[in-house]
Amino acid sequence: MRDVQRERDKRNVTIDKVGISGLSWPIQVLDRSNGTQETVANVSLSVLLPRDYRGTHMSRFIEALQRHSDDLSMPRFLRMLQEIRTDLDAESAFGSIAFPYFIEKAAPVSGLTSSMVYECRYEGS
């Protein structure tokens, strides 16, 4: 089968960002108390393609996310973006990830513990 995305585009038009956005994805993040914590992230990943590329393989974003979803700490997230950039032969790669993070906290008066949610987000390129 012909790989249309890898064919050269003679129109000389840069595609600013092509990718996926608003994807809900299960991930694990580091947790000081329990080692790791499972949560669901809202993920957006994109690349800047050279002028002579017609498009990209969207499945490569999902493949990279799958390889790294067991640890999406900031260093691993940035490594994943580098892999995406390299895999897609793109000029640059961008990503953002937002997820709820839960921490057990004790109430000041009663001492009862409860989960507090913190909305976390990081971005990289």
Side-chain angles (χ1 to χ4, degrees):
M1 183 182 286
R2 195 170 120 212
D3 187 356
V4 176
Q5 286 85 0
R6 285 283 188 201
E7 290 179 4
R8 297 297 177 205
D9 189 348
K10 295 175 178 43
R11 292 176 291 178
N12 201 28
V13 175
T14 301
I15 301 173
D16 290 333
K17 286 187 179 179
V18 61
I20 58 174
S21 65
L23 177 68
S24 291
W25 196 262
I27 64 168
Q28 278 187 352
V29 292
L30 297 176
D31 183 316
R32 186 176 293 170
S33 301
N34 303 311
T36 60
Q37 182 179 132
E38 294 184 10
T39 188
V40 177
N42 183 308
V43 181
S44 295
L45 299 168
S46 61
V47 292
L48 173 66
L49 293 178
R51 291 176 175 260
D52 56 349
Y53 276 36
R54 292 181 69 157
T56 192
H57 293 280
M58 295 298 191
S59 62
R60 300 295 191 268
F61 294 106
I62 302 299
E63 290 170 3
L65 192 55
Q66 181 66 42
R67 282 193 308 267
H68 292 275
S69 58
D70 63 335
D71 175 8
L72 273 176
S73 59
M74 181 54 89
R76 280 285 297 266
F77 182 71
L78 294 174
R79 199 169 325 138
M80 180 183 71
L81 292 178
Q82 178 62 33
E83 288 176 19
I84 289 170
R85 190 187 70 76
T86 302
D87 291 349
L88 296 175
D89 197 23
E91 292 180 11
S92 55
F94 309 91
S96 69
I97 183 168
F99 56 91
Y101 186 79
F102 296 90
I103 298 176
E104 289 287 318
K105 294 267 186 161
V109 177
S110 68
L112 296 174
T113 59
S114 179
S115 292
M116 295 288 297
V117 65
Y118 296 88
E119 295 298 326
C120 300
R121 178 184 183 91
Y122 44 85
E123 299 178 344
S125 65

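Side chains are part of it too, since the values below use all heavy atoms of this structure and drop only hydrogens, waters and symmetry mates.
To the nearest 0.5 Å, atoms CD1 (I20) and OG (S44) are separated by 7.5 Å. From R60, atom CZ reaches atom CG of D89 across 12.0 Å, with rounding to the nearest 0.5 Å. In this structure, T86 OG1 and L81 CG are separated by 10.5 Å, a value rounded to the nearest 0.5 Å. One distance of note links CG of L88 with CG of L48; it measures 12.0 Å at 0.5 Å rounding. Remark: S73 OG to Q28 CD distance equals 11.5 Å, nearest 0.5 Å. A distance of 8.0 Å separates CZ in R79 from CG in D71, rounded to the nearest 0.5 Å.
You'll find the side chain of M80 reaches within 4.5 Å of the side chain of L45, heavy atoms only. Contact check for Y101 versus T39: no side-chain heavy atoms found under the 4.5 Å cut-off. Between E123 and F94 the shortest side-chain heavy-atom distance does not fall below 4.5 Å. Residues K105 and S114 are not in side-chain contact: their nearest non-hydrogen atoms beyond the backbone lie 4.5 Å or more apart. S96 places a side-chain heavy atom less than 4.5 Å from the side chain of R121.
A pairwise comparison of heavy atoms in Q37 and P100 identifies OE1-O, 4.3 Å as the closest pair. Across all non-hydrogen atoms, the minimal contact from I84 to A64 is CG1-CB, 3.6 Å. The minimum heavy-atom distance linking W25 with S69 is given by the pair NE1-CB, 3.4 Å. Pairing each heavy atom of S115 with each of F102, the nearest pair is CB-CD2, 4.2 Å.
Cluster membership for L30 and F99, using ILVMFWY side-chain heavy atoms within less than 4.5 angstrom, is not shared. Under the 4.5 Å side-chain heavy-atom criterion for Ile, Leu, Val, Met, Phe, Trp and Tyr, M58 and L65 are members of the same hydrophobic cluster.
Between D70 and R76 there is a salt bridge, since a side-chain N of the basic residue sits under 4.0 Å from a carboxylate O of the acidic one.
Few gaps surround CD on Q82; more than 12 heavy atoms of other groups in view lie less than 6.0 Å from it.
Exactly one residue among T36, V43, I97 makes a side-chain contact (heavy atoms from CB on, under 4.5 Å) with I27. That residue is I97.
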